[in-house]
Amino acid sequence: MRKVSQIINGKRQIIKKPELLAPAGNLEKLKVAIMYGADAVFVGGKEFSLRSQASNFSLEDIQEGVAFAKEYGAHIHVTCNIILHQDNLKGIQEYLKQLDEIGVTAIIVADPYIMFLAKSMNLNLEVHVSTQLSTLNSQAISFYQDMGMDRVVLGREVTYDDLKAIMNQVDVDIEYFIHGAMCIHYSGRCMLSNYLSRRDANRGGCSQSCRWYYDLYQDRELVNQEDDMPFSMSSKDMSLVHHIGELIELGVDSFKIEGRMKSVHYIATVVSAYRKLIDSYCEDPDAFKQNDYYEKELQKAANRAFCHGFFYDHPTQDEQLFNLRDEHPTQEFVMRIMDYDEKTHLAQIEQRNYFKVGDQIEVFSPHHENLVFKVEKLLNEDKERIEVANHPMELLYVEIPEKVLPNDMGRKVKQS
Amino acid sequence: MKLILSLNKKERLYDYVSMGIDTFVLGGHYSFYAPYNFSLEEMSQMIEQYPQCSFYVAMNALYDEHEIKDVQYYIDKLVKIGIKGLLFQDFGVLQIVKKNSYSLDMMYAPETLNTNAMTLKVLKQQGVTSAQLARVIPLEEQLQILQQTDMPLMLQVHGVEYIAASKRALLTNYQQASHLQFDLTSQTRLTIQARNSEDIFHIYEDQRGTHIFSQERLYMLDLLNQIHDFEYLYIETLMMDENEAVEVASLYSDALKSFQNNTYDRDVKSYMNLLYQLKTPLHRGFLFDQTVYKLEDVRKMDHEKSQSNH
Ligand code: SF4
């Protein structure tokens, strides 16, 4: 049993806070994730990383990311989690050496050859076993431990009860997914995309073919006629927002948020919600009361309904999406605050999506409570009045009655 | 080069042995998938009855923590009845075997992951003694791996191909959501076809979850000249009826003999004609094809596809 809490001054306090690990598809997202409270960020390099469609990082980007993270006491993990084919074998050692020199904290690896190389090169960086290996039991974890691995990212199929049993038996770092999209098949073992689109899922090219619509036949007779629900294998997104306390009490070392291809708004919203939730629980675990605030926050950046994944055991039909209409647009991210003048109440903003005078905007921040204001005064860069903001990345001025801070974000409040 | 076959019916074992096949993969209680799941008793009887044969057991699932102790007991029983080895994909299985110093041939068969030689070299140091190559790489790469690896390798030469598996009951969930009626447990009755694709896949459900396989059978009957250096040529009899399995095994067994007698080049055409007469859907899988890796390749392919649609 891992020691997670102890009585300090008569009150039980959490002494082992989990790492909050966030995804980032580019430098802006990396910085936002850290500013909004991530302890560590995982990014994909241009080589040897899955998510070939996510805007992957060059070595220079990673270097800048590491330097930025250091300022905040945060860490950078780099995914090197492709399954190597014969023509991917060259250049790995050199790449690992460069990552180590840059000061990356860990690499996330799926191929045992990269595990072996990283360990035999005596690098400073940690080697984490990727979820692509679908590790579900303590014996498999012990195998990786014997190979010198520093952490194992568990498969998403691990239930709470199994996780509890694992945590009681192993003494290597354990990382567990708490939020994000899920593969519906065993990770690393799904070749749907390979067969249907010639895109290699194990080398980052997955075309998400599980989410397509399929006709179902029995003995060659069509089962789902035109008006019937199409067959699909699409999972709702996982969110363990209501179970964070239980996971902290188990001593899980790292809580992972999925989504390297997600927007900066998603990263900020999700990281911020979990940061506040974890901190609030750890501050006084016995007085902590679950409330809807965090889930409501998370929903503002979600385009799919949430589910618990395998937390309680087998996901049912309620954990799947059978209709595209079950996907909905997220609340619109419209501005990032660059500066605020307390005398004039004018905030300089970077416009991200269309908004206009009269819209209600909610500003959220890692540093203060959310606040809502109505756009009354909108100025262009030359401080002339305008009615609409419709040029992304344009610098504008908006009057905001309450004080906001640089890097706060604004999203349009849906009008009912 | 020898044939190895997943056994679909105990009663046909005699036929296979008469053809000269002496290595079999048996399905059992912990198999991920198998044409038939034999009890320990049945396995034991076969081992006693055919001492000249080698029997592997498919322990090829990914095991949850709550079942890993039972997996351990089961492996212990398998060792006691005298099986030759295990086909596995969960390193937990390998760890159990290593910790107990069982002397088993540990054939690493993770369906999708054995795609290069260096990884297999590393795994050899970790206790893997043989391996099945992934099917999603071209033959050329499979041959390269063969040249660069010093452990016995198995290549699937015939049968349906594994596509994906989920721990979820995807068909039950769909049935409940759609209220449609269908037989979700038969291995062969249901197929799915993506609405923008020609490919047809088998799909079925069991207590381990949902399994998807190709409908077409991979075949290499005419490729023995290229693949003869592989230690094991595997025939997957899943989803075959017993006659198809015996016919296919017999064709490959004859082809192997003919190869050894240097008459294969002359006979191969007639073997292929006999194979076509079985009228089962055949394909080459990825043997002469490639998947794409780099983003640029994906874009190029999507572009070509959209051009060809216009
Ligand atoms: S097709 Fe779906 S389940 Fe398969 S790898 Fe892609 S996202 Fe995962």
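The chains referred to below are lettered A, B, ... by the order of the sequence lines, with proteins before strands, and numbering in each begins at 1. Please read all numbers here as calculations on a predicted model, not as lab measurements.
- Looking only at heavy-atom pairs under 4.5 Å with chain A, the residue among B:I200, B:T210, B:T112 that has the most is B:T112.
- For B:D90, the part lying near chain A is the side chain, with the backbone staying farther off; criterion is any non-hydrogen pair under 4.5 Å.
- Residue contact with chain A, scored on non-hydrogen atoms closer than 4.5 Å, involves the side chain of B:L123 exclusively.
- Contact annotation for residues 142-155 of chain A against chain B (heavy-atom separation below 4.5 Å, listed by residue number): A:S142, A:F143, A:Y144, A:D146, A:M147.
- Residue B:Q148 touches chain A through its side chain alone, counting heavy-atom pairs closer than 4.5 Å.
- B:Y204 does not carry B:R189 over the face of its six-membered ring by the limits of under 6.0 Å from the centre and within 45° of the normal.
- Using a 4.5 Å cut-off between heavy atoms, B:E111 does not touch chain A at all.
- Contact of B:T191 with chain A is made through backbone and side chain together, with heavy-atom distances under 4.5 Å.
- Checking each of B:I96, B:V57, B:N100 against B:I75 for a side chain to side chain contact (heavy atoms under 4.5 Å, CB included) leaves exactly one that passes, namely B:I96.
- For B:I137, the part lying near chain A is the side chain, with the backbone staying farther off; criterion is any non-hydrogen pair under 4.5 Å.
- Interface residue B:L94: only side-chain heavy atoms are found under 4.5 Å from chain A.
- The number of heavy-atom neighbours closer than 6.0 Å to NZ of A:K164, taken from other residues, nucleotides and ligands shown, is 12 or below.
- With a 4.5 angstrom heavy-atom cutoff, A:Q169 touches chain B only via side-chain atoms.
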